[in-house]
Amino acid sequence: MKAFCLYAESQIHAGTGADVGIVDLPIQRERTTGFPVIQGIKGALRASGMIKDDSLFGSKPSKGGEENTDAGKISFSEAKILLFPVRSAEKMFVWVTCPIVLRRFARSTGKKLEVPNVQNDKVLLADQNFNEKSLMLEELEFQFEKNAKVASIAEFLSICAPDSYMAAKLKRDLVLVSDDLFAKIVKTMTEVQPRIRIDEKTGIVVSGALWYEEYLPQDSVLYFTARETVYSKGSESKLSELNEKTMIIGGKETTGKGFVFVKEVV
């Protein structure tokens, strides 16, 4: 089994289609927790062309609509949220995560992480040199505690960063919040952008052509796992071709969305 982090170099829209809520085009979420998730990792990887051996993904559907004849050699999980960036007055922005997310990550990847519990009204901070009286997450103010276990987790997760500068920031600016608070943050602090459609003939907005799209913000970090299926052995080594590459996930590619940096978790 191999695990990979996806570091968002731009906003990501992995959508569910049209919705009747306030946001016309929301992102994919887990039904039970509301945490952001991205399905279709296998298709995105295949389309990227980063893995040269296309047989890893199995046969492509024929034009006649016949069933696939060869099963894939690798099974890919969906991408789950790991770190979520939040604006902070004291630190520009920080990454937040929570115990349930970290324990899922540890269990899925086989990594050992010592994850502390955290109360709803407090946050735990990796930065051992932070001397402010409180920490702002968007407009919310929290009392914080410096925590060595969170600092250790941040040290390990800094491998997901695309360069040494962002890795150093991640080591300092990781914040552990409660599961309930994290669920509220990832629900209310995503990016929602208005979009319009212009009439090609008149050059003005088409009547009624205004809608809202939801995005995972830039600097979000997700992860997925990949395992060999029963149909093949020895294929996992080819996944190393993904390491430290950039690919596209989700929609809106022509508007510069969906660029992610792929990094193997070792």
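Predicted, not measured: the structure shown is a model, and the values here were computed from it.
Separation of atoms OG1 (T97) and CD1 (I100) is listed at 10.5 Å; rounding is to 0.5 Å. Interatomic distance, CZ of R103 versus SG of C98, reported as 9.5 Å (0.5 Å rounding). Atoms CG and CG, on L176 and L174 in that order, are 7.0 Å from each other to the nearest 0.5 Å. To the nearest 0.5 Å, atoms CG (L239) and CD (E228) are separated by 8.5 Å. With rounding to the nearest 0.5 angstrom, the CD1 atom of I249 is 15.5 Å from the NZ atom of K257. Note that CG of L25 is 12.0 Å distant from CD of Q193, once rounded to the nearest 0.5 Å.
The hydrophobic clustering, which links ILVMFWY residues whose side-chain heavy atoms are closer than 4.5 Å, places Y165 and V221 together. Note on V37: it does not cluster hydrophobically with L45, by side-chain heavy-atom contacts below 4.5 Å among ILVMFWY residues. I159 and I153 fall into different hydrophobic clusters, where Ile, Leu, Val, Met, Phe, Trp and Tyr side chains are chained together by heavy-atom contacts under 4.5 Å.
No side-chain donor-acceptor contact under 3.5 Å links R172 to the backbone of N129. No donor-acceptor distance shorter than 3.5 angstrom exists from the side chain of K73 to the backbone of L56, with no hydrogens or angles considered. Between the side chain of S220 and the main chain of P217, a donor-acceptor pair closer than 3.5 Å is present. When atom types are taken as modelled, the side chain of Q28 and the backbone of P36 share no donor-acceptor pair closer than 3.5 angstrom. With hydrogens and angles disregarded, a donor-acceptor distance shorter than 3.5 Å links the side chain of S77 to the backbone of T225. Between the side chain of E214 and the backbone N or O of Y212 there is no donor-acceptor pair closer than 3.5 Å. Judged by distance alone, with hydrogens and angles left aside, the side-chain atoms of E236 form no donor-acceptor pair with the main-chain N or O of R227 at under 3.5 Å.
You'll find the side chain of M166 stays beyond 4.5 Å of the side chain of K171, heavy atoms only. Counting heavy atoms from C-beta on, the side chains of V96 and L181 never come closer than 4.5 Å. Residues D54 and R46 have side chains in contact (heavy-atom distance under 4.5 Å, counting atoms from C-beta outward). In this structure the side chain of V262 never reaches within 4.5 angstrom of the side chain of T246, judged on heavy atoms. Side-chain contact between E213 and V192: absent, with no pair of heavy atoms (C-beta onward) separated by less than 4.5 Å. With a 4.5 Å cut-off on side-chain heavy atoms, K52 and K238 do not count as touching. L157 places none of its side-chain heavy atoms less than 4.5 Å from the side chain of V265. At a threshold of 4.5 Å between non-hydrogen side-chain atoms, the residues Y215 and I12 do not count as touching.
Residues passing the side chain to side chain donor-acceptor pair (under 3.5 Å) test with D180, sequence neighbours excluded: none. In this view, S10 satisfies the side chain to side chain donor-acceptor pair (under 3.5 Å) rule with no residue, not counting sequence neighbours. K184 meets the side chain to side chain donor-acceptor pair (under 3.5 Å) test with no other residue; sequence neighbours excluded. Annotation: disulfide (SG to SG under 2.5 Å) contacts of C160 (sequence neighbours excluded): C5. Take E244 and apply the side-chain contact (heavy atoms from CB on, under 4.5 Å) test, not counting sequence neighbours, and it matches F261, K263. Applying the side chain to side chain donor-acceptor pair (under 3.5 Å) criterion to K111, with sequence neighbours excluded, gives no partner residue.
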Could you walk me through whether K42 and F57 pass the side-chain contact (heavy atoms from CB on, under 4.5 Å) test, one step at a time? CA-CA 7 Å; K42 176 181 175 180; F57 303 102; 3.8 Å; yes
Might you work through the side-chain contact (heavy atoms from CB on, under 4.5 Å) test for I27 and H13, ending with a clear yes or no? CA-CA 6 Å; I27 61 174; H13 177 79; 4.2 Å; yes
Would L216 and L222 count as a side-chain contact (heavy atoms from CB on, under 4.5 Å) if you check the C-alpha gap in whole Å, the side-chain angles of each, and the deciding distance to 0.1 Å? CA-CA 10 Å; L216 275 175; L222 302 98; 4.1 Å; yes
Please step through side-chain contact (heavy atoms from CB on, under 4.5 Å) for the pair M50 and E241, ending with a clear verdict. CA-CA 6 Å; M50 293 191 299; E241 298 174 13; 5.7 Å; no
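Listed by first then second residue, pairs satisfying ring-ring contact (aromatic ring centres under 6.0 Å, His included) with a partner in residues 135-158 read F130-F144, not counting sequence neighbours. Among pairs with a residue in residues 171-195, those fulfilling ring-ring contact (aromatic ring centres under 6.0 Å, His included) read F35-F182, at least two apart in sequence or across chains. Every pair tested for salt bridge (Lys or Arg N to Asp or Glu O under 4.0 Å) that includes a residue from residues 4-13 fails, sequence neighbours excluded, so the list is empty.
F4 has its ring centre no less than 6.0 Å from the ring centre of Y223.
A donor atom on one side chain and an acceptor atom on the other are found under 3.5 Å apart for T33 and E30. Defined by atom type and a distance below 3.5 Å, a donor-acceptor pair is missing between the side-chain atoms of Q143 and S134. Under the 3.5 Å distance criterion, with hydrogens and angles disregarded, no donor-acceptor pair is assigned to the side chains of Q218 and Q11.
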Donor-acceptor pairs under 3.5 Å, side chain of residues 81-95 to any protein atom, not counting sequence neighbours: which ones?
{"residue": "R87", "atom": "NH2", "partner": "E138", "partner atom": "OE1", "Å": "2.6"}
{"residue": "S88", "atom": "OG", "partner": "E90", "partner atom": "OE1", "Å": "3.1"}
{"residue": "S88", "atom": "OG", "partner": "M136", "partner atom": "O", "Å": "2.9"}
{"residue": "E90", "atom": "OE1", "partner": "M136", "partner atom": "N", "Å": "3.0"}
{"residue": "K91", "atom": "NZ", "partner": "D127", "partner atom": "OD2", "Å": "2.7"}
{"residue": "K91", "atom": "NZ", "partner": "D173", "partner atom": "OD1", "Å": "2.7"}
{"residue": "W95", "atom": "NE1", "partner": "D219", "partner atom": "O", "Å": "2.8"}

Output a table of donor-acceptor pairs, distance under 3.5 Å, between side-chain atoms of residues 114-125 and any protein atom two or more places apart or on a different chain; print 'none' if there are none.
{"residue": "E114", "atom": "OE2", "partner": "K149", "partner atom": "NZ", "Å": "3.2"}
{"residue": "N120", "atom": "OD1", "partner": "S178", "partner atom": "OG", "Å": "2.6"}
{"residue": "K122", "atom": "NZ", "partner": "E145", "partner atom": "OE2", "Å": "3.3"}

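Summarising the geometry of A151 relative to Q128, their closest heavy-atom pair is CB-NE2, 4.1 Å, with the distance given to 0.1 Å.
Listed by chain and number, the hydrophobic cluster partners of F259 are I248, where partners are ILVMFWY side chains within reach of under 4.5 Å, directly or through others.
Look at E264 and K2 and you find a salt bridge, because one of the NZ, NE, NH1 or NH2 atoms lies within 4.0 Å of a carboxylate O, short of that distance.
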